[in-house]
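What follows is a set of notes on a single structure, which appears directly below.
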Amino acid sequence: MTAKVSPFGTWESPLAASDLVEGSLGLGYPTQTGSGGGTRPRIVWQEARPAEGGRVALVAWDGPEEGCRELLPPEMSARSTVHEYGGRAWAIGGPGGRALVTSNFSDQRLWDISPGKPPRPLSGEPDGQHAVRFACPVLSPDGRWVIAVRERHVDGEVSNDLVAIARFGEPAEPSILAEGHAFYSSPELSSDGELLAFICWDHPDMPWDRTQLWRGRFSEGILTDLRGVAGQDGAESVLQPKWAPDGSLAYISDRTGWWNLYIDDRAMAPMEAEFAGPAWAFGDSDYAFLPDGTVFAAWKRGGAGYLGVVDGDGVHPLDLPYTYFAHLCPASLGGEGGVLAIAGGPARSPEIVRVNVAEQVEVLQRSRPDVLGEEWISMGEAFDFPTGDRELAHAIYYPPRNPRYVAPEEELPPLIVSSHGGPTASASRVLDLRTQFWTTRGFGVVDVDYRGSTGYGRSYRGALEGRWGLADVEDCAAAAQSLADSGRVSPDRMVIRGGSSSGLTAMAALARHKTFVGAVVLFGVADLTSLNATTHKFESRYIGRLVPEAELAARSPLELVGSIKVPVLFVHGLDDKVVPPDQSRRMVSALRLNGVRALLVEIEGESHGFRKATSLVRSLEAELAFYGSIFGFSPGGDLSRAKVDLADAEAPTGATWR
């Protein structure tokens, strides 16, 4: 078939915005349970479902013959709001591996889910909505106790501790195991249930700055013989404690400048690679012990991800079609030891896999149907580029790709610069249909790992301290300029998009550089001074590490608004407790006073990050229509609703989606 000649950005794509959410699932925490004692192994995982309003379901897989079945009633959602970001909210185990406990999103209470019985609350009725929350639970081997992180909201004060809750009997006040530190995470019981390890830290640190690892003896809801293991002295981020089969305590530490694996203070495979990522959410698991002591681990080096075996001779990566791995759990496949994991690659969206040492792979669940053949997929090309202070930064460029179209001769594609949130997150070469939504239409997309991103060691991660709104902005502009200078994209048609912390990056980039002709800001930070005073406990001291107090106002996009001269689309959830919607409202008002085109969409029922299918589809369509309006072309596809949404968003009060 002869390719049609059509300008970049106008190509008809096989991907509609609805394709990105229809049948899509947010997969997490695959866990094998129930092996031994005559009980067949069972694999359980969670599925966040946009089609069900973002509900998090728990699914059990008992083998190919039985298939999958849900473990929670439809009115329950396994989601925690501890630290506002939550993470793993459930645990399964106990005798036979069938005992299940979970936090329920609507009330944040801890519930017992027993087969054949109605759900039963384990924690008492709180005094106010979400006043008491639980996260990261673990079950004792005998199933009698649940240990969890607890967060209490009382009279405007927030306290965190580690508690034990009896699983049998009437709901009772939990027994406090550890308190006195600002935060707790990662409780881990030994296989006999007698030893407990956990992580804690204090303000002003975040868990990637400095944490402490402790261990103690657990019995009947009491923790004794408590002693520090790591992180008590010096700046060291200690993460993910696990008990080895021989009783040794393993963990990940960045004491050398890189998150490496340790067993009883012995580095397993010291190298300039990262065996963990930033602990924004509970339940990360980047390594796993097999029953024979073999260690499977995932690591990232030079921007690429690997899965393999770690031993005294170093690391031994497996040859797999994936570049991203997360949530490792021991499992077996074909009689060979191995792990469960969430895995994804350049041509594969994240999926739950079971992998063994022989490199055999079994796919148990996919995060979305296959809706795009490889001939349509822009795989992404990693590159480094020079930036400020004579440093190098990193990015992944996705060029336009559509086998049915070619652009007119000598035309260069428009570029969308995507800056990740966190700001400690990182880009990954995993198939993301959101990126392909743009590349199949003739846009280039670049994901920037600006200074401050993880995956490149503690020094690179810490390079944003004191320089948020400067270094990240400089790197995004430099990435775009590097692509323009190499003749890969149009220097006159570049936009930037960002959400949460990278919303600040996007707005500041418009003010500090003339590189971009527009921006899309999703639940973005506009006023650092007010956010610093009102944000939730987990991040209440974080901004102070990234921006000197004396410069909070000067670094805020709201103070830079006079230097922004190009259009901006803002989208914000009305239930956002991390970045309140007032941040976008004030920015829109200030831009409009200066005669700048500023569009505002507010979404009812959405918090920080969008989870509902309707929200995701409409915001993506509105973004596409917005780009068409500023680039002066009509994108392919039916955007009639999006154009109405944009017209409403430009009205004096903006638009409200329900």
Side-chain angles (χ1 to χ4, degrees), residues 23-35 40-48 59-68 261 269 273-277 283-301 303-311 314-377 379-380 428-433 436:
S24 70
L25 302 167
L27 301 174
Y29 313 112
T31 304
Q32 180 169 301
T33 182
S35 57
R40 289 185 58 186
R42 163 180 282 181
I43 295 173
V44 179
W45 61 80
Q46 74 175 43
E47 296 179 355
V59 175
W61 186 82
D62 292 313
E65 295 180 0
E66 291 81 359
C68 296
L261 272 168
E274 300 276 57
F275 286 77
D284 289 345
S285 177
D286 292 297
Y287 69 105
F289 284 101
L290 305 192
D292 64 1
T294 300
V295 179
F296 263 78
W299 65 93
K300 192 171 183 180
R301 188 174 194 177
Y306 304 89
L307 176 72
V309 174
V310 181
D311 58 25
V315 294
H316 309 279
L318 303 180
D319 184 13
L320 301 169
Y322 303 105
T323 54
Y324 167 83
F325 305 92
H327 300 175
L328 273 60
C329 176
S332 59
L333 173 61
E336 295 280 353
V339 291
L340 295 165
I342 306 294
R348 305 178 78 140
S349 296
E351 51 197 22
I352 294 178
V353 299
R354 189 160 53 172
V355 182
N356 65 14
V357 292
E359 299 178 345
Q360 294 174 302
V361 178
E362 180 182 12
V363 178
L364 304 181
Q365 179 64 295
R366 300 181 188 275
S367 61
R368 61 177 69 254
D370 289 332
V371 296
L372 206 62
E374 280 200 30
E375 69 274 16
W376 296 88
I377 297 174
M379 296 290 186
S428 179
R429 288 185 63 221
V430 175
L431 177 61
D432 185 342
L433 292 189
Q436 307 303 319

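- Of the residues Leu431, Leu25, Leu433, the one that meets the side chain to side chain contact (heavy atoms under 4.5 Å, CB included) test with Arg368 is Leu433.
- The ring-ring contact (aromatic ring centres under 6.0 Å, His included) search around Phe325 returns none, not counting sequence neighbours.
- Partners of Phe296 under the ring-ring contact (aromatic ring centres under 6.0 Å, His included) rule, at least two apart in sequence or in another chain, do not exist in this structure.
- Although no hydrogens or angles enter the test, the distance criterion places no donor-acceptor pair under 3.5 Å between the side chain of Arg42 and the main chain of Gly34.
- Residues forming a side-chain hydrogen bond (donor to acceptor under 3.5 Å, both in side chains) with Arg354 (at least two apart in sequence, or on another chain): Glu362.
- Applying the side-chain contact (heavy atoms from CB on, under 4.5 Å) test to Pro350 and every residue at least two apart in sequence or in another chain returns Ile342, Ser367, Val430.
- Atom-to-atom distance recorded for Asp432:CG and Tyr324:OH is 11.5 Å, nearest 0.5 angstrom.
- Between Gln32 and Ala331 the shortest heavy-atom distance is OE1-CB, 3.3 Å.
- The nearest pair of heavy atoms linking Ser428 to Thr323 is OG-O, 4.5 Å.
- The heavy-atom pair separating Gly23 from Pro369 by the smallest distance is O-CD, 3.7 Å.
- The two residues Pro346 and Ile377 make their nearest non-hydrogen contact at O-CG2, 3.6 Å.
- Sorted by first then second residue, the side-chain hydrogen bond (donor to acceptor under 3.5 Å, both in side chains) pairs that include residues 283-299, not counting sequence neighbours, are Gln240-Asp286, Lys242-Ser285, Asp292-Thr294.
- At distances below 3.5 Å, at least one donor-acceptor pair connects side-chain atoms of Thr31 with backbone N or O atoms of Tyr29.
- Taken from CG in Leu27 to CD in Gln46, the straight-line distance is 9.0 Å, to the nearest 0.5 Å.
- The two atoms that bring Gly338 and Leu290 nearest to each other are O-CD2, 3.0 Å, heavy atoms only.
- For residues 323-349, the pairs satisfying salt bridge (charged side-chain N to carboxylate O under 4.0 Å, His left out) are Arg348-Glu351, with sequence neighbours left out.
- Taking all atoms of both residues into account, the shortest heavy-atom contact from Val310 to Ala297 is CG2-CB, 3.7 Å.
- Between Arg301 atom CZ and Phe275 atom CZ the span is 9.0 Å, to the nearest 0.5 Å.
- The distance from atom CG of Leu364 to atom CH2 of Trp45, rounded to the nearest 0.5 Å, is 5.5 Å.
- Annotation: Glu374, atom CD; neighbour count of heavy atoms from other residues, nucleotides and ligands within 6.0 Å does not exceed 12.
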